[in-house]
Novice: 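My questions all concern the structure below.
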Number of protein chains: 2
Amino acid sequence: MLSNSSKYALKAVLYLAVHSTMEKKILAKDISKPINVPRAYIAKILQELSRHNIVSSMRGPGGGFYLNEENKKTPLIDIISLIDGDNRLTSCVLSLHKCDNENPCPMHHLVDDTKASFVKKLKETSVEDLISDIRSGKSFLPI
Amino acid sequence: MLSNSSKYALKAVLYLAVHSTMEKKILAKDISKPINVPRAYIAKILQELSRHNIVSSMRGPGGGFYLNEENKKTPLIDIISLIDGDNRLTSCVLSLHKCDNENPCPMHHLVDDTKASFVKKLKETSVEDLISDIRSGKSFLPI
DNA sequence: TATAAAACATGATATTAATCATATTTAAGA
DNA sequence: TCTTAAATATGATTAATATCATGTTTTATA
């Protein structure tokens, strides 16, 4: 469903959303351990996220990564499409190019609703939304 | 969501369901082209399916692959779990081991329904069901 | 019962995704 | 303005998945 990379991206963003502020930036290496993702790998992903304004960063001593208020409004779909590309989630389950509502593949009806509703939720839900669930005890981010 | 291999398996089984009978067996190489999967690769997958009684086969001259009535009753989930293993579909979206209803990860509520309903459909739907959709023009299998 | 046509089994290679390493740039503080 | 701590950029390596190749067994038919 999601690549490792986009899972890691989501975890890193959520970790930053919970633990960082502009005044309390977090180093790549200090994100790596709690979310259980190799240090150099998460650094690379964070750079990509930073380049696309999904996370904020500051170089030099005292620098690190954090989320500003704008960043927190990012819909989850933006994180996923940045890393995995647009059509991993929307393409045909059987990878048939010609599959659409007019010309549905044998599994189309089986998955179309499911897929559409998942994408809709990813568009409607922001990082901020997930965080408020965590703060209110509806869900849990390990560590 | 699904590996290439399980997509190929589904396509091959559907192709056999539509085009083969016990009297009209089909060679691995003749399945390969229409479903657009490398010859040696689909052969390997067909052998795995055959070993687990998802497709039927006969060696020797006049042999080939086909589906018997029993095979056509196979639920789609059986094909997918055989190739991809059991937990590709059910494991946590963020790959967190400790994620369940009691201890949901931040994305759990977002995907749980979606995932559960997809798996349910895969359990309830058989090869035969998909084929009757094709025969009645509700869906299309290329070639 | 010999031959040929097919699946079957196993292992090798290639491609892609995941991970790691290193050199460069930026910014803070002495 | 020098040093150091951080992100950034780019490329190399490793591991996993996908693909290919080759030899073995089975079965029909002459």
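All values derive from a computational prediction rather than experimental measurement. Throughout, a chain's letter reflects where its sequence line sits, starting with A, and its residues are numbered from 1.
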Novice: Tell me, please, which residues at least two apart from A/D84 pass side-chain contact (heavy atoms from CB on, under 4.5 Å).
Specialist: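 With neighbours one apart ignored, the set is A/L2, A/S3, A/S6, A/I80, A/R88.
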
Novice: Can you check whether B/V111 reaches A/K121 side chain to side chain, under 4.5 Å on heavy atoms?
Specialist: no

Novice: Holding to side chain to side chain donor-acceptor pair (under 3.5 Å), I want the full list of residues that pass it with A/T74, two or more places apart in sequence or in another chain.
Specialist: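 Here no residue qualifies.
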
Novice: Only counting residues at least two apart or in another chain, list the ones meeting side chain to side chain donor-acceptor pair (under 3.5 Å) with A/S126.
Specialist: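 Expected list: A/D129.
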
Novice: Side chains of B/S20 and B/I26: closer than 4.5 Å at any heavy-atom pair?
Specialist: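 The answer is yes, as the side chains (C-beta and beyond) meet within the 4.5 Å cut-off.
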
Novice: For residues 45-62 of chain A, which residue pairs qualify under salt bridge (Lys or Arg N to Asp or Glu O under 4.0 Å), counting only residues two or more places apart or in two chains?
Specialist: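 For residues 45-62 of chain A, and leaving out neighbouring residues, the salt bridge (Lys or Arg N to Asp or Glu O under 4.0 Å) pairs sorted by first residue read A/E48-A/R51.
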
Novice: In residues 2-14 of chain A, which residues come under 4.0 Å of DNA chain D by heavy atom?
Specialist: none

Novice: Enumerate, atom names and distances included, each donor-acceptor pair closer than 3.5 Å involving a side-chain atom of residues 92-101 of chain B, sequence neighbours excluded.
Specialist:
unit_1, atom_1, unit_2, atom_2, d
B/S95, OG, A/K7, NZ, 2.7
B/D100, OD1, B/E102, N, 2.9
B/D100, OD1, B/N103, N, 2.8
B/N101, OD1, B/H108, NE2, 3.0

Novice: Near DNA chain D, under 4.0 Å by heavy atom, which residues of residues 42-52 of chain A?
Specialist: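 When residues 42-52 of chain A is checked for heavy atoms under 4.0 Å from DNA chain D, the hits, listed by number, are A/K44, A/Q47, A/S50, A/R51.
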
Novice: At a heavy-atom distance below 4.0 Å, which nucleotide of DNA chain C is the first touched by chain B, and which is the last?
Specialist: C/dA4 to C/dG11

Novice: Which of residues 82-98 of chain A have a heavy atom under 4.0 Å from DNA chain D?
Specialist: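 Under 4.0 Å from DNA chain D: no residue of residues 82-98 of chain A.
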
Novice: Write down the atom of B/I31, the atom of B/L16, and the distance for their closest heavy-atom approach.
Specialist: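 Shortest heavy-atom contact: CD1-CD2, 3.7 Å.
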
Novice: According to the salt bridge (Lys or Arg N to Asp or Glu O under 4.0 Å) rule, which pairs have a member within residues 67-77 of chain B, sequence neighbours left out?
Specialist: B/E69-B/K72

Novice: Between A/S81 and A/D86 (side chain of the first, backbone of the second, donor and acceptor by atom type, cut-off under 3.5 Å), is there such a pair?
Specialist: no

Novice: Can you list the residues that meet the side chain to side chain donor-acceptor pair (under 3.5 Å) rule with B/S5, with sequence neighbours excluded?
Specialist: B/Y41

Novice: Of all heavy-atom pairs between A/H109 and A/P104, which one has the smallest distance, and what is that distance?
Specialist: NE2-CG, 3.7 Å

Novice: Would you indicate whether the side-chain heavy atoms of B/V55 and B/Y66 approach each other to under 4.5 Å?
Specialist: no

Novice: Between D/dA18 atom P and B/N36 atom CG, what is the distance in whole Å?
Specialist: 16 Å

Novice: If you take any heavy atom closer than 4.0 Å to DNA chain D, which residues from residues 54-65 of chain B end up in contact?
Specialist: B/M58, B/R59, B/G60, B/P61

Novice: Rounded to the nearest Å, what distance is computed from the CD1 atom of residue A/I31 to the C1' atom of nucleotide D/dA6?
Specialist: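 To the nearest whole Å, that distance equals 13 Å.
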
Novice: For A/T114 and B/T114: C-alpha separation, side-chain torsions, deciding distance, then whether side-chain hydrogen bond (donor to acceptor under 3.5 Å, both in side chains) applies.
Specialist: CA-CA 6 Å; A/T114 304; B/T114 303; over 6 Å; no

Novice: Provide, to the nearest angstrom, the distance between the CG atom belonging to A/D30 and the C1' atom belonging to D/dA6.
Specialist: 12 Å

Novice: In whole Å, I'd like the distance from the CG atom of A/L16 to the P atom of D/dA7.
Specialist: 11 Å

Novice: Does the side chain of B/L122 reach to within under 4.5 Å of the side chain of A/M107, using non-hydrogen atoms?
Specialist: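 When only atoms from C-beta onward are counted, A/M107 and B/L122 do touch, with a gap below 4.5 Å.
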
